[in-house]
J.: 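Please see the structure below; I have some questions.
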Amino acid sequence: MISSYELPQGDNLNNIVEAIIGIHHGARTDLEIANSISHFKTSSTRDESKKRQGRYYRLIAQLLGLVVNENNTSSLTLSGKQLLQNPTIQSPLFRSSVLRMGVFQLLIQYLTSDNRGKTKASIIQYFCNLKIRKNDGNLIAKTTIERRVITLLSWLRKLNMIAETGGYFKPINVFPSDESSLVLTDPSFPIFPKERSLTEYNIVEERLNKAKAEVRYFVDQSKKERADKAHIKLVNLVANKLKAINLIPTSNVLIDLATKNEEEYIFEMKSVTKSNEKSQIRKGISQLYEYRYLHNLPNANLVLVIEKPLTEKMNWMLDYLETDRKIHLIWDGDGNLYGTEHTRKKLEFLNFA
């Protein structure tokens, strides 16, 4: 779960970019970083106050993975150096860095848990329910959460990642061009957050801990599969169809893709050949059931995606999957998705060929 440290305090995103440029030009201490930011450079503010502001923006740059700091000496990471090629808050790299922050992953996922979005009051209550703690172990105050939520929403507004309609906030334009899904950095983060206490987090965390050995195995297998070009193609194919209708494709170290429309869906992608068709499908079946259990999603629809139609020899599995196992099978046909009439009706939002 997140800590108070991970809740950004500064809401001027351009100051973050200026701080990174300043570090590139030699700013190392918090005071030097503050003086490299135009807003503070010409300010008559006392040095102690400037140091505090420099620290705020340096810490944010660290959370974004753009800066490292040791003994109040800051330097750029590889990503920070790459940002210098296009040092703006609208650059894909900056947007991707924001999306990798756990607090924004939780917020964006929470905003998608209701089709109309969420109000600021419900967002504040959601973060209160997370029982976020300070370094001393005490819970942060609700007033602090209120200020931090205002900052988080301000970030997403400036990045054009949310829209507000009638007091409800909903994600839009979330993904940079090179991101296929919202990758949850912590597998215990809820795939589909709900307005309740920490219970749903605790259930997932407990199940993942009990299945540590199996989880490690699946993670290792997933890393190998996700390096496969056919697997990448399947993920991108489905993810792009979801993004085209403003759904948020989500993934983590286990789940290839998940999304929520009127209902919840988990997708597992499998590249298949004639020699491994049976084993890959059986592996996909077990993974889908285990992922649904581990992530406490008993009502999620399960979808197995393969790169080509079943061979005649294995065609019997189509009815087995959909009738007996209640798993929808879809396949790629040269960049288009195909499935049975039953699956097409259930997953019509995927815009089948």
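Just so it is clear, the values below take in all heavy atoms, side chains as well, and ignore hydrogens, waters and symmetry mates.
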J.: Could you point out which residue of L318, D324, D319 forms a side-chain contact (heavy atoms from CB on, under 4.5 Å) with E322?
T.: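 Among the candidates, only L318 passes.
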
J.: Could you give me the CA-CA distance, side-chain angles and deciding distance for Y56 and N15, then say whether side-chain contact (heavy atoms from CB on, under 4.5 Å) is met?
T.: CA-CA 10 Å; Y56 287 161; N15 284 355; over 6 Å; no

J.: Show the numbers, then the answer: is there a side-chain contact (heavy atoms from CB on, under 4.5 Å) between R157 and E164?
T.: CA-CA 9 Å; R157 278 198 189 100; E164 182 184 3; 3.3 Å; yes

J.: So does I150 get a backbone contact from the side chain of S154, meaning a donor-acceptor N/O pair under 3.5 Å?
T.: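 Not a single qualifying donor-acceptor pair exists.
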
J.: Spell out, as yes or no, whether a donor-acceptor pair under 3.5 Å connects the side chain of S91 to the backbone of F94.
T.: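 Yes, S91 side chain to F94 backbone: donor-acceptor pair under 3.5 Å.
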
J.: Between F352 and I330, does the side-chain contact (heavy atoms from CB on, under 4.5 Å) criterion hold? Intermediate values first, please.
T.: CA-CA 9 Å; F352 286 85; I330 59 179; 3.5 Å; yes

J.: Decide yes or no for P190 and L106: does some side-chain heavy atom of the first lie under 4.5 Å from some side-chain heavy atom of the second?
T.: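 SC-SC contact between P190 and L106 confirmed.
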
J.: Which pair of heavy atoms, one from L288 and one from L302, lies closest together, and at what distance?
T.: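 Looking at all heavy atoms of both residues, the shortest contact is O-CD2, 3.8 Å.
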
J.: Checking the side chain of Q125 only, and the main-chain atoms of A121 only, is there a donor and an acceptor separated by less than 3.5 Å?
T.: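 A pair under 3.5 Å: no.
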
J.: If only side-chain N and O atoms count, and only distance matters, is there a donor-acceptor pair under 3.5 Å linking T250 with Q109?
T.: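 Yes - a donor-acceptor pair under 3.5 Å links their side chains.
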
J.: Do the side chain of S122 and the main chain of T119 share a donor and acceptor less than 3.5 angstrom apart?
T.: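 Present.
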
J.: Between Y168 and D114, is any pair of side-chain heavy atoms under 4.5 Å apart?
T.: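 No, too far: nothing below the 4.5 Å cut-off.
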
J.: May I ask you to test the V103-P8 pair for a side-chain heavy-atom distance under 4.5 Å?
T.: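 Contact flag for V103/P8 side chains = yes.
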
J.: Is any NZ, NE, NH1 or NH2 atom of the basic residue among R292 and E290 found under 4.0 Å from an Asp or Glu carboxylate oxygen of the other?
T.: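 Judged by the 4.0 Å cut-off on N to carboxylate O distance, R292 and E290 do not form a salt bridge.
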
J.: With side chain to side chain donor-acceptor pair (under 3.5 Å) as the test, would you mind laying out the steps for E277 and T311 before giving the verdict?
T.: CA-CA 8 Å; E277 188 177 31; T311 61; 2.7 Å; yes

J.: Exactly one of W155, Y110, F189 should register a ring pair (Phe, Tyr, Trp, His ring centres under 6.0 Å) with F104. Which one does?
T.: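 Testing F104 for a ring pair (Phe, Tyr, Trp, His ring centres under 6.0 Å) against W155, Y110, F189 leaves exactly one candidate, W155.
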
J.: Indicate the ring-plane relationship of Y291 and H295, choosing parallel, tilted or perpendicular according to the 30° and 60° boundaries.
T.: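 Taking H295 first and then Y291, their aromatic rings stand perpendicular (interplane angle over 60°).
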
J.: Indicate yes or no for a side-chain donor-acceptor contact from K243 to the backbone of F175 under 3.5 Å, with no hydrogens or angles considered.
T.: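 No.
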
J.: Using the rule that two of Ile, Leu, Val, Met, Phe, Trp, Tyr join whenever any of their side-chain heavy atoms come within less than 4.5 Å, decide whether I191 and F349 are in one cluster.
T.: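 Per the 4.5 Å side-chain linkage, I191 and F349 are not co-clustered.
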
J.: Should K51 and D30 count as an ion pair when the cut-off is N to O under 4.0 Å?
T.: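 Between D30 and K51 there is no salt bridge, as every charged N stays at least 4.0 Å from the carboxylate O atoms.
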
J.: Under 6.0 Å from the CG atom of D334, do we count more than 12 heavy atoms belonging to anything else shown?
T.: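 No.
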
J.: Answer yes or no: is there an ion pair linking E307 with K270, defined by an N-O contact shorter than 4.0 Å?
T.: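 Between K270 and E307 there is no salt bridge, as every charged N stays at least 4.0 Å from the carboxylate O atoms.
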
J.: For a quick check under 3.5 Å, do N71 and T73 share a side-chain donor-acceptor pair by atom type?
T.: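 On atom types as modelled, these side chains do not qualify, holding no pair under 3.5 Å.
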
J.: Let's go through R55 and R58 carefully: what are the C-alpha distance in whole Å and the side-chain angles of both, what is the deciding distance for side-chain contact (heavy atoms from CB on, under 4.5 Å) to 0.1 Å, and is it a yes or a no?
T.: CA-CA 5 Å; R55 178 175 177 272; R58 184 257 296 169; 4.0 Å; yes

J.: Verify side chain to side chain donor-acceptor pair (under 3.5 Å) between N69 and S74, making sure each step is shown before the conclusion.
T.: CA-CA 4 Å; N69 182 274; S74 297; 2.7 Å; yes

J.: Treating Ile, Leu, Val, Met, Phe, Trp and Tyr as nodes and any side-chain heavy-atom pair under 4.5 angstrom as an edge, say whether L93 and V183 lie in one connected cluster.
T.: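 No, L93 and V183 fall in different hydrophobic clusters.
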
J.: Is it the case that one hydrophobic cluster holds both V303 and I281, taking links as side-chain heavy atoms less than 4.5 Å apart, direct or via other members?
T.: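 V303 does not cluster with I281.
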
J.: Just by distance, with hydrogens left out, do S271 and E225 show a side-chain donor and acceptor under 3.5 Å apart?
T.: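 Side-chain D/A pair, S271 to E225: absent.
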
J.: Between E206 and N202, is the side chain to side chain donor-acceptor pair (under 3.5 Å) condition met? List the steps.
T.: CA-CA 6 Å; E206 182 181 357; N202 293 337; over 6 Å; no

J.: Please check: side-chain N/O of K326 versus main-chain N/O of T323, any donor-acceptor pairing under 3.5 Å?
T.: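 Such a contact is found between K326 side chain and T323 backbone.
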
J.: Looking at I285, is its backbone amide N or carbonyl O close enough to the side chain of E268 to form a donor-acceptor pair, meaning the two atoms are under 3.5 Å apart?
T.: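 It does not hold such a pair.
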
J.: Is N115 atom CG crowded by more than 12 heavy atoms from other residues, nucleotides or ligands, each under 6.0 Å away?
T.: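 Atom CG in N115 is crowded, with more than 12 foreign heavy atoms closer than 6.0 Å.
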
J.: Hey, is NZ on K120 packed in by over 12 heavy atoms from elsewhere, all under 6.0 Å?
T.: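 No, because the 6.0 Å sphere around NZ of K120 holds 12 heavy atoms or fewer from other groups.
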
J.: Give a yes or no on whether a salt bridge exists between E263 and K346, defined as a side-chain N under 4.0 angstrom from a carboxylate O.
T.: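 Here E263 pairs with K346 in a salt bridge, since their nearest N and O are under 4.0 Å apart.
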
J.: Under a 4.5 Å side-chain heavy-atom rule over Ile, Leu, Val, Met, Phe, Trp and Tyr, are I162 and L99 clustered together?
T.: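 Yes; tracing contacts between hydrophobic side chains, which count when under 4.5 Å, links both residues.
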
J.: Any donor-acceptor pair under 3.5 Å linking the side chain of E264 with the backbone of N299?
T.: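 Absent.
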
J.: What closest approach, in Å, do K134 and S4 show between heavy atoms, and which atom pair accounts for it?
T.: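 Answer, listing the atom of K134 first, then S4: CA-OG, 3.3 Å.
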
J.: Do the side-chain N and O atoms of S275 and T273 include a donor-acceptor pair separated by under 3.5 angstrom?
T.: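 A pair is found: one side chain offers a donor N or O, the other an acceptor, under 3.5 Å apart.
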
J.: If you look at every heavy atom in P92 and N86, which pair is closest and at what distance?
T.: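 That would be CD-ND2, 4.3 Å.
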
J.: What about I245 and F192, same hydrophobic cluster or not, with Ile/Leu/Val/Met/Phe/Trp/Tyr joined at side-chain heavy-atom distances under 4.5 Å?
T.: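 The answer is no; the residues belong to distinct hydrophobic clusters.
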
J.: Under the criterion side-chain contact (heavy atoms from CB on, under 4.5 Å), which of L66, L83, L84, I21 is the partner of L76?
T.: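 Answer to the side-chain contact (heavy atoms from CB on, under 4.5 Å) test with L76 among L66, L83, L84, I21: L84.
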
J.: State plainly whether the residues R344 and E348 are in salt-bridge range, i.e. N to O under 4.0 Å.
T.: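 No, no charged N to carboxylate O under 4.0 Å.
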
J.: For the residue pair Y338 and W331, does the interplanar ring angle fall in the parallel (under 30°), tilted (30 to 60°) or perpendicular (over 60°) class?
T.: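 The arrangement is parallel - the two ring planes meet at less than 30°.
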
J.: As an exercise, state the distance from CD1 of I132 to CG of N138, rounded to the nearest 0.5 Å.
T.: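 It is 14.0 Å, given to the nearest 0.5 Å.
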
J.: Can you measure from CG (N72) to CD (E32) and round to the nearest 0.5 angstrom?
T.: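 One finds 8.5 Å between CG of N72 and CD of E32.
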
J.: Has the side chain of N276 got a donor or acceptor atom that lies under 3.5 Å from a matching backbone atom of S279?
T.: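 The answer is no, because no donor-acceptor pair under 3.5 Å joins these two groups.
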
J.: How about NZ on K158, more than 12 heavy atoms from neighbouring residues, nucleotides or ligands closer than 6.0 Å, or not?
T.: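 Yes, NZ of K158 has more than 12 neighbouring heavy atoms, counting only those of other groups under 6.0 Å.
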
J.: Looking at side-chain heavy atoms only, is the closest gap between I89 and V17 below 4.5 Å?
T.: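 I89 reaches V17 side chain to side chain.
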
J.: For T259 versus F267, what's the shortest heavy-atom pair and its separation?
T.: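 Heavy-atom minimum between the residues: CG2-CE1, 4.1 Å.
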
J.: Mind running side chain to side chain donor-acceptor pair (under 3.5 Å) on T151 and Q9 for me, showing each step along the way?
T.: CA-CA 7 Å; T151 296; Q9 298 186 52; over 6 Å; no

J.: Do you know the tightest heavy-atom contact between I20 and G80?
T.: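 Closest heavy-atom pair between I20 and G80: CG2-O, 4.0 Å.
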
J.: Is there a donor-acceptor pair under 3.5 Å between the side chain of R325 and the backbone N or O of Y320?
T.: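 Absent.
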
J.: Y293 ring centre to R207 NZ or CZ under 6.0 Å, with the angle to the axis within 45°?
T.: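 Here R207 passes the 6.0 Å and 45° test against Y293.
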
J.: Taking the basic N atoms (NZ, or NE/NH1/NH2) and the acidic carboxylate oxygens, is any pair closer than 4.0 Å for D256 and R226?
T.: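 Result for this pair is yes, salt bridge flagged.
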
J.: Does a salt bridge link K233 with D332, judged by any charged N lying under 4.0 Å from a carboxylate O?
T.: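 Judged by the 4.0 Å cut-off on N to carboxylate O distance, K233 and D332 do form a salt bridge.
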
J.: Does NZ or CZ of K260 come closer than 6.0 Å to the centre of the six-membered ring of Y265, within 45° of the ring's axis?
T.: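 K260 over Y265 ring: no.
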
J.: So which atom in S97 and which in L64 form the shortest heavy-atom distance, rounded to 0.1 Å?
T.: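 For S97 and L64, the tightest heavy-atom pair comes out as CB-O, 3.4 Å.
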
J.: Does any non-hydrogen side-chain atom of L152 lie less than 4.5 Å from one of I123?
T.: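 Side chain of I123 against side chain of L152, heavy atoms only: no contact under 4.5 Å found.
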
